[in-house]
Engineer: 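Below is one structure. I have some questions about it.
Values below: every heavy atom of this structure, side chains too, minus hydrogens, waters and symmetry copies. Remember, predicted model here, so these are calculated numbers, not experimental data.
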Amino acid sequence: MSQYNFANWKTVEEPKVETMTKVTRGKQVDNLLYDLLTTVTPHGRENLISDIIIQALTSGTNKRKRNFTTHLDVKGNLIVKVGDYKKSKVMFSSHMDTVQSKALVKTDLRLTDEGHIYASYDKEVTEYVDKDGKVVTKDEIGDFAEKSGFKYPNYILMGKGKSKRVYGSYSEFDGWKATEVVVGTQTITKPVSSVLGADDKLGCYIMCKLIMNGTEGLYVFHIGEECGGIGSSYIATSTPEVVEGMNYCIAFDRYEYGHIITHQSGGRCCSDDFVDGLAGKLNPLLPPKQQMSGNSGGSFTDSANYTTLIPECTNVSVSYKSQHTSREHFDLVWFNDILIPALMKITWHDLPVVRDPNEVSTPYSSRYGSRYTSSLYDRPYTSHKSERSLVSTRSTLTNSERMNQSTIDKCNHLLDDKFDGYDPEEGLPQHMSAKQKVDFVKYTFVKNNLNLEDMAEMVVDAEEEANKRLFEDERLDTLGFNSSFDARRFDY
């Protein structure tokens, strides 16, 4: 049975991939880019991409010109060192995982007349046909009912076999009345649109081209970015010596054409001087309407995990759009003929280095101590984080479900690693607005997965701590101290 709400039948239009040119390996795009984009690698399959990259870098003419070393760490991150990378102090970053379905192994590439690349795969789909055998849409079925004199807000299709009658109702749950409209069904195999994985196979490809070009630097192809930065978090916390001495972390992982990211999740990750320097090198090589400039609207990515280790961390646009959806695509002409040649022409080691990684702004490092986080487990209200269930990794996840999973994983990463939370003993930070204070406490609840009983006990503790501070201030007043003076650091 199929049910529709007539008012909401219209959905986001999927790309008509069957009308696009099917890309041939080595023709419209070169072999490496084709192999990267058509190989489906949700987290856990990144080894397929690292194998492709290593093979491309170590074969043919690349092998003869080789001035680099490759290494896979224990997590699966692929690390390539080109030339005197420590002297260049440049780190390039991308990630090998995507949000694609594990049910897919390979996809096809489709090229539009405008030069945009989409992905597709062959799938059995059910279509609706009228009495003349013409394929009709859901909107048209509703129109048929209306033309027959029916004005229902809800419709369903019911019937056995290939013939379905349209029923209408004023309720979404019952009261269905048969209309005169009957449609048939047919099952065919046709190409349907799919997540492309340009986020971030384009970044992987750019880094391969720079390596082949001999651009000196440290190249890290990360695993698990879409699951909260698993690979970069491991390097930053367990093997920070890998990136020791780097001045820059430049990630090729950003949508659209003109962004050089200055902030991620609200925290500054690179200086304006650095942005001006990089834009000043690239813009003379880019079209006038697609110039690079600073953008503060970044979300959490791998480069954010290096902000306490590396002064200048950023993400640069590589032209993919509608990432994480079946409408994902990128501009092949701009990417291949404009961006990559520009990236290969500029120097990287002489960009400005201004930002101090030891003075990271929130949310990467809270101004407040972690006494609450540690004391939380000494209190009757305790974290129930271990009771959380992970989002399903089943292969039948829809594009929306995979996008939601990626977002949840990244949010959990920020809360777990970058957020200290509220401590009743410390009180609320006075520099915050009322809304920020509410969010500060709210996300403390979320981070520690507190139940209602725990929240109530925390409120009581907060009240008691506030009374203690008030009593201490009054005691200091009686001793002749001004209560605004921080006299609590003295012993009595």
Engineer: Can you list everything that forms a ring pair (Phe, Tyr, Trp, His ring centres under 6.0 Å) with H43? Sequence neighbours excluded, please.
Structural biologist: none

Engineer: Which pair of heavy atoms, one from V192 and one from K123, lies closest together, and at what distance?
Structural biologist: CG2-CB, 3.8 Å

Engineer: Quick one: which of Y205, F335, Y118 gives a ring-ring contact (aromatic ring centres under 6.0 Å, His included) with F330?
Structural biologist: F335

Engineer: Keeping the roles fixed (side chain from Y248, backbone from C313), state whether a donor-acceptor pair exists under 3.5 Å.
Structural biologist: no

Engineer: Taking only residues two or more places apart in sequence or in another chain, which ones pass salt bridge (Lys or Arg N to Asp or Glu O under 4.0 Å) with D35?
Structural biologist: R25

Engineer: Step through the shown structure and confirm whether more than 12 heavy atoms of other residues, nucleotides or ligands are within 6.0 Å of CD on E241.
Structural biologist: yes

Engineer: Could you pull out the closest heavy-atom pair between N295 and G298, with the gap in Å?
Structural biologist: OD1-N, 4.3 Å

Engineer: Using a 4.5 Å cut-off on heavy atoms from C-beta on, say whether the side chain of P357 contacts that of T308.
Structural biologist: no

Engineer: Sub-3.5 Å donor-acceptor pair from the side chain of R110 to the main-chain atoms of H116, do we have one?
Structural biologist: no

Engineer: Can you sort out the partners of K16 under salt bridge (Lys or Arg N to Asp or Glu O under 4.0 Å), two or more places apart, ordered by chain and number?
Structural biologist: E13

Engineer: Tell me whether the count of non-hydrogen atoms from other residues, nucleotides or ligands lying under 6.0 Å of NZ in K75 goes above 12.
Structural biologist: no

Engineer: With sequence neighbours left out, write down each residue that passes ring pair (Phe, Tyr, Trp, His ring centres under 6.0 Å) with Y257, or none if nothing qualifies.
Structural biologist: W334

Engineer: Apply ring pair (Phe, Tyr, Trp, His ring centres under 6.0 Å) to F252 and list each qualifying residue two or more places apart in sequence or on a separate chain.
Structural biologist: F92

Engineer: State yes or no: are the ring centers of Y255 and Y320 separated by less than 6.0 Å?
Structural biologist: no

Engineer: Hey, mind stepping through I52 and L36 against side chain to side chain contact (heavy atoms under 4.5 Å, CB included) and telling me if it holds?
Structural biologist: CA-CA 7 Å; I52 290 172; L36 291 174; 4.0 Å; yes

Engineer: More than 12 heavy atoms of other residues, nucleotides or ligands under 6.0 Å from NZ of K87: yes or no?
Structural biologist: no

Engineer: Indicate the atoms forming the closest heavy-atom contact of S271 with V354, along with that distance.
Structural biologist: OG-CB, 3.6 Å

Engineer: List the steps and the verdict of side chain to side chain contact (heavy atoms under 4.5 Å, CB included) for I346 and L278.
Structural biologist: CA-CA 9 Å; I346 70 171; L278 181 54; 3.9 Å; yes

Engineer: T41 and side-chain hydrogen bond (donor to acceptor under 3.5 Å, both in side chains): which single residue from H95, K201, K102 fits?
Structural biologist: K201

Engineer: For Y306 and H222, what are the C-alpha separation, side-chain angles and deciding distance, and is it a ring pair (Phe, Tyr, Trp, His ring centres under 6.0 Å)?
Structural biologist: CA-CA 13 Å; Y306 298 109; H222 293 98; 5.8 Å; yes

Engineer: Taking only residues two or more places apart in sequence or in another chain, which ones pass salt bridge (Lys or Arg N to Asp or Glu O under 4.0 Å) with K442?
Structural biologist: D439

Engineer: Nearest heavy-atom pair of V40 and S101: which atoms, and what distance?
Structural biologist: CG1-O, 3.5 Å

Engineer: Under a 3.5 Å distance rule, please check whether S238 uses its side chain to pair with a backbone N or O of I235 as donor and acceptor.
Structural biologist: no

Engineer: Any non-hydrogen side-chain atom of L218 less than 4.5 Å from a side-chain atom of V243?
Structural biologist: yes

Engineer: Would you please name every residue forming a side chain to side chain contact (heavy atoms under 4.5 Å, CB included) with V333, sequence neighbours left out?
Structural biologist: D331, D337

Engineer: Please identify each residue that fulfils ring pair (Phe, Tyr, Trp, His ring centres under 6.0 Å) with Y121, with sequence neighbours left out.
Structural biologist: none

Engineer: Can you confirm whether V99 sits close enough to P42 that some side-chain heavy atom of one is under 4.5 Å from a side-chain heavy atom of the other?
Structural biologist: no

Engineer: In chain order, what residues pass the side chain to side chain contact (heavy atoms under 4.5 Å, CB included) check against S50, with sequence neighbours excluded?
Structural biologist: N47, L72, L78, M96

Engineer: Could you list the residues that satisfy salt bridge (Lys or Arg N to Asp or Glu O under 4.0 Å) with K281, not counting sequence neighbours?
Structural biologist: D350

Engineer: Which atom names give the shortest non-hydrogen contact between S193 and V17, and what distance separates them?
Structural biologist: N-CG2, 3.8 Å

Engineer: Does any non-hydrogen side-chain atom of Y34 lie less than 4.5 Å from one of L37?
Structural biologist: no

Engineer: Assess the side chains of E328 and S322: does a donor N or O sit below 3.5 Å from an acceptor N or O?
Structural biologist: no

Engineer: Are T239 and Y234 close enough, and set up right, to give a side chain to side chain contact (heavy atoms under 4.5 Å, CB included), and what steps lead you there?
Structural biologist: CA-CA 7 Å; T239 59; Y234 170 76; 3.8 Å; yes

Engineer: Going by the salt bridge (charged side-chain N to carboxylate O under 4.0 Å, His left out) test, which pairs reach into residues 270-279, not counting sequence neighbours?
Structural biologist: R268-D272

Engineer: With distance as the sole criterion, is a donor-acceptor pair present between the side chains of E225 and S232 under 3.5 Å?
Structural biologist: no

Engineer: Will you find, in the side chains of N315 and S303, an N or O donor that is under 3.5 Å from an N or O acceptor?
Structural biologist: yes

Engineer: Is it true that S171 and S169 share a donor-acceptor pair across their side chains at a distance under 3.5 Å?
Structural biologist: no

Engineer: Would you mind listing every salt bridge (charged side-chain N to carboxylate O under 4.0 Å, His left out) that reaches into residues 290-313, with sequence neighbours excluded?
Structural biologist: none

Engineer: Can you check side chain to side chain contact (heavy atoms under 4.5 Å, CB included) on L104 and Q100, steps first, answer last?
Structural biologist: CA-CA 8 Å; L104 294 177; Q100 292 165 300; 5.8 Å; no

Engineer: Using side chain to side chain contact (heavy atoms under 4.5 Å, CB included) as the criterion, point out the one residue from D97, I230, I49, D73 that pairs with I223.
Structural biologist: I230

Engineer: Quiz question: by atom type and distance under 3.5 Å, do the side chains of S317 and R254 form a donor-acceptor pair?
Structural biologist: no

Engineer: Say whether, by atom type as modelled, one donor and one acceptor occur between the side chain of R327 and the main chain of V195 under 3.5 angstrom.
Structural biologist: no

